Amino acid sequence: MGYLCFFMQVMTNGSPLDNIFEDTEVAFSNLSDKEIKKARWLFSTFNHPFLLKTGTGLTNLAFRLNLPVSGLIKKTIFPQFCGGETLQECASPIGNLSNHRIFTCLENSVEAKSTESEFEKTTAEILNSICFSALNPNIKIISCKITGIGRFDLFERLHRNEQVTQTDRDAFEKVRQRMHRICTAATDSEVSIFFDAEESWIQNPLDSLIDEMMLAYNSKRAVVYNTFQLYLTDRLHFLKTSFEKLKAANVILGAKLVRGAYLEKERERAGKMNYPSPVQPDKLATDKAYNEALEFCLKNIREIAVYAATHNENSCRLLLDMMEHSGIEKNHPHIYFSQLYGMGEHLTYNLAQAGYNATKLIPYGPVREAIPYLIRRAHENSSVAGQVGRELQLLEKEIRRRGI
């Protein structure tokens, strides 16, 4: 049965899972009365475009002028979306999540760098986070960006199949060796690695590197995961071809499924450079591709390990219904749900409470380094239709339930 037909049947006939995300007592059980009011204030701010634009602009300006604003940010938006400035500071939120049977995915929030010394420093921090995770069974996976360990402009030239210099080839080999060091450490420490998706115009060489890592490390379990942005028109096909390639080698495909993070940038670049936009024509097409990707992974769940990284309730509910329909156990080791720290609590906490594998992505790093990440989170909340409204609706519901 195709996913559309199946989903329509579920929507028509109902499911025992229909109300799984409505329990706000479970969803916000980790928040004190003070914290839940603070979360409502933050999401209310995101719901006002003028305040959001003004606030992010002033924040960027303050850092450029070296004004002392780090303390204010650390007391407001930073703890909503980040676990701490250091791995040690993350220990408390990781422990709080584990008390609710929620696993952690750690991510160093430092953005792309440009020098070899910075790449080595970032690699060392990733290796440090792997060592930290090896001591904590509640940390399942480490997330990293390849542009944190290699040059963007190099990947761009390789993507365009331009002629490169020996210096470029040497730099690319260093990226490869860094990835091998990371994947070897993850294998030895029994954790996994997400390699994040990047802009479409550098993705081909990154995909080749990640496929190489999966072929080398995924024979026994999914150590390495590629990230598939389903808002791009070619990613569903690429997911299927990646699967066939790895299946032929008797290797597990690690697939992190996301809708995508660079939509506006992708469309703007395509318009300026006069080439067809690689982005799906509308949200409906993106949703369709995402749900088809879920269905494909579930049909091949023995050979694919999937992280459904989404805040979309329909996609989460669809995956739950397909698992139930197929008789797949709730805590199947190849199926995880994942949401960002500080968002989608009604998904993560209720899924974990019901016995499913649920994770939170916890970014960490110095406040100054985390600013681009925090601004992106704020703008994503404001741009996703209904996202802020849903978060606010559930926060208000729990505030009323508590009578505060």
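What you see is a predicted model; the values in this text were computed from it and never measured. One is the number of the first residue; the rest follow in order along the sequence.
Checked by atom type and distance alone, the side chain of His311 pairs as donor or acceptor with a backbone atom of Leu340 at under 3.5 Å. For the pair Tyr231 (side chain) and Tyr262 (backbone), a donor-acceptor distance under 3.5 Å is present. Distance alone, capped at 3.5 Å, is enough to place a donor-acceptor pair between the Thr310 side chain and the Asn312 backbone. The main-chain N or O of Lys145 is never found under 3.5 Å from a side-chain atom of Asp196 such that the two would form a donor-acceptor pair. Without hydrogens or angle criteria, Asn136 side chain to Phe132 main chain gives no donor-acceptor distance under 3.5 Å. With hydrogens and angles disregarded, no donor-acceptor distance shorter than 3.5 Å links the side chain of Gln339 to the backbone of Leu361. Within the 3.5 Å criterion, the main-chain N or O of Ser98 finds no donor-acceptor partner in the side chain of Asn138. Thr104 places no side-chain N or O within 3.5 Å of a backbone atom of Leu106 that could act as its donor or acceptor partner. Of the possible polar contacts, one joining the Glu391 side chain to the Gly344 backbone as a donor-acceptor pair under 3.5 Å is found. Checking side-chain atoms of Asn19 against main-chain N and O of Glu22 turns up no donor-acceptor pair under 3.5 Å.
Between Ile202 and Leu158 the shortest side-chain heavy-atom distance does not fall below 4.5 Å. Using a 4.5 Å cut-off on side-chain heavy atoms (C-beta onward), Leu215 and Leu246 make contact. When side chains are defined from C-beta on, Ile20 does not count as touching Leu347, because their heavy atoms never get closer than 4.5 Å. Taking the side chain as every heavy atom from C-beta outward, Leu206 and Phe155 approach each other to under 4.5 Å. Residues Phe103 and Ile141 fail the side-chain proximity criterion, which asks for heavy atoms closer than 4.5 Å. When side chains are defined from C-beta on, Val258 does not count as touching Leu230, because their heavy atoms never get closer than 4.5 Å. Between Asn108 and Cys144, every side-chain heavy-atom pair lies at or beyond the 4.5 Å cut-off. With a 4.5 Å cut-off on side-chain heavy atoms, Ser315 and Asp287 do not count as touching.
When all heavy atoms are compared, the tightest approach of Glu116 to Ala171 is OE2-CB, 4.3 Å. Considering every non-hydrogen atom in both Leu87 and Ser129, the closest pair reads CD1-CA, 3.8 Å. Minimum heavy-atom separation, Ile182 to Ile193: CG2-CD1, 3.7 Å. Of all non-hydrogen atoms in Gln203 and Arg235, the two that sit nearest each other are CG-NH1, 3.8 Å. Ile130 and Ser189 make their closest contact through CG2-OG, 3.5 Å (heavy atoms, listed as atom of the first residue, atom of the second, distance). Between Thr123 and Arg181 the shortest heavy-atom distance is CG2-NH2, 3.9 Å.
For the residue pair Gln88/Tyr364, the side-chain donor-acceptor check at 3.5 Å is not satisfied. Donor-acceptor pairing under 3.5 Å is recorded for the side chains of Arg221 and Ser192. Remark: the Glu313 side chain and the His346 side chain contain an N/O donor-acceptor pair separated by less than 3.5 Å. Side chains of Ser117 and Glu120: a donor-acceptor N/O pair is absent below 3.5 angstrom, by distance only. The closest side-chain donor-acceptor pair between Tyr349 and Asn30 falls under 3.5 angstrom. No side-chain donor from either of Asn291 and Glu295 sits under 3.5 Å from a side-chain acceptor of the other. Residues Gln177 and Glu173 bring a donor and an acceptor atom of their side chains to less than 3.5 Å of each other. For the residue pair Asn226 and Asp211, no side-chain donor N or O sits within less than 3.5 Å of a side-chain acceptor on the partner. Under 3.5 Å, the side chains of Thr115 and Arg151 contain no donor-acceptor pair of N or O atoms. Glu266 and Ser200 form a side-chain donor-acceptor contact under 3.5 Å, judged by distance and modelled atom types alone. Between the side chains of Glu198 and Thr147, a donor-acceptor pair is found at a separation under 3.5 Å.
Using a 30° and 60° split on the angle between ring planes, Phe238 and Phe228 fall in the tilted class, from 30° to 60°. Ring-plane geometry between Tyr217 and His180 is classed as tilted, the angle between the planes lying from 30 to 60 degrees on a 0 to 90 degree scale.
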Apply side chain to side chain contact (heavy atoms under 4.5 Å, CB included) to residues Cys183 and Phe195 and explain how you reach the verdict. CA-CA 10 Å; Cys183 294; Phe195 286 111; 3.9 Å; yes

Given Leu239 and Leu253, is the side chain to side chain contact (heavy atoms under 4.5 Å, CB included) satisfied, shown in steps? CA-CA 9 Å; Leu239 171 69; Leu253 169 63; 3.8 Å; yes

Is there a side chain to side chain contact (heavy atoms under 4.5 Å, CB included) between Cys297 and Leu257? Walk through the geometry before answering. CA-CA 10 Å; Cys297 291; Leu257 303 183; 4.1 Å; yes

Quick one: do Val306 and Tyr336 satisfy side chain to side chain contact (heavy atoms under 4.5 Å, CB included)? Show the steps, please. CA-CA 6 Å; Val306 59; Tyr336 280 79; over 6 Å; no

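Cation-pi geometry between Arg259 and Tyr290 is satisfied (NZ or CZ under 6.0 Å from the ring centre, within 45° of the ring normal). By the 6.0 Å and 45° rule, Lys256 does not stack over the aromatic ring of Tyr307. In this structure, Arg160 forms no cation-pi arrangement with Trp201, as its terminal cationic atom is not both closer than 6.0 Å to the ring centre and no more than 45° off the ring axis.
Comment: Arg317 does not engage Asp321 in a salt bridge, judged by the lack of any side-chain N to carboxylate O separation of less than 4.0 angstrom. Under a 4.0 Å N-O distance rule, the pair Glu345/Lys360 qualifies as a salt bridge. Between Lys140 and Glu190 there is no salt bridge, since no side-chain nitrogen of the basic residue lies less than 4.0 Å from a carboxylate oxygen of the acidic one. Contact check on Asp153 versus Arg157 returns a salt bridge, with a Lys/Arg side-chain nitrogen under 4.0 Å from an Asp/Glu carboxylate oxygen. No salt bridge links Asp282 with Lys288; every basic N to acidic carboxylate O contact stays at or beyond 4.0 Å. For Glu156 and Arg269, the salt-bridge test passes: some basic side-chain N is under 4.0 Å from an acidic carboxylate O.
For the side-chain contact (heavy atoms from CB on, under 4.5 Å) test with Thr24, the passing option among Glu396, Gln393, Glu398 is Glu398; the others fail. With respect to Tyr356, the side-chain contact (heavy atoms from CB on, under 4.5 Å) criterion is satisfied by exactly one of Asn350, Thr348, Leu320: Leu320.
The structure places NZ of Lys397 at 14.5 Å from CG of Leu392, a figure rounded to the nearest 0.5 Å. The CD atom of Gln229 sits 12.0 Å away from the CD atom of Gln280 when rounded to the nearest 0.5 Å. Atom CE of Met213 is separated from atom CD1 of Ile146 by 8.5 Å, given to the nearest 0.5 angstrom. The distance from atom CG of Leu154 to atom CZ of Arg169, rounded to the nearest 0.5 Å, is 11.0 Å. Atom CG of residue Leu351 and atom SG of residue Cys316 lie 6.0 Å apart, to the nearest 0.5 angstrom. For the atom pair CD (Glu244) and CD (Glu303), the distance works out to 9.5 Å, reported to the nearest 0.5 Å.
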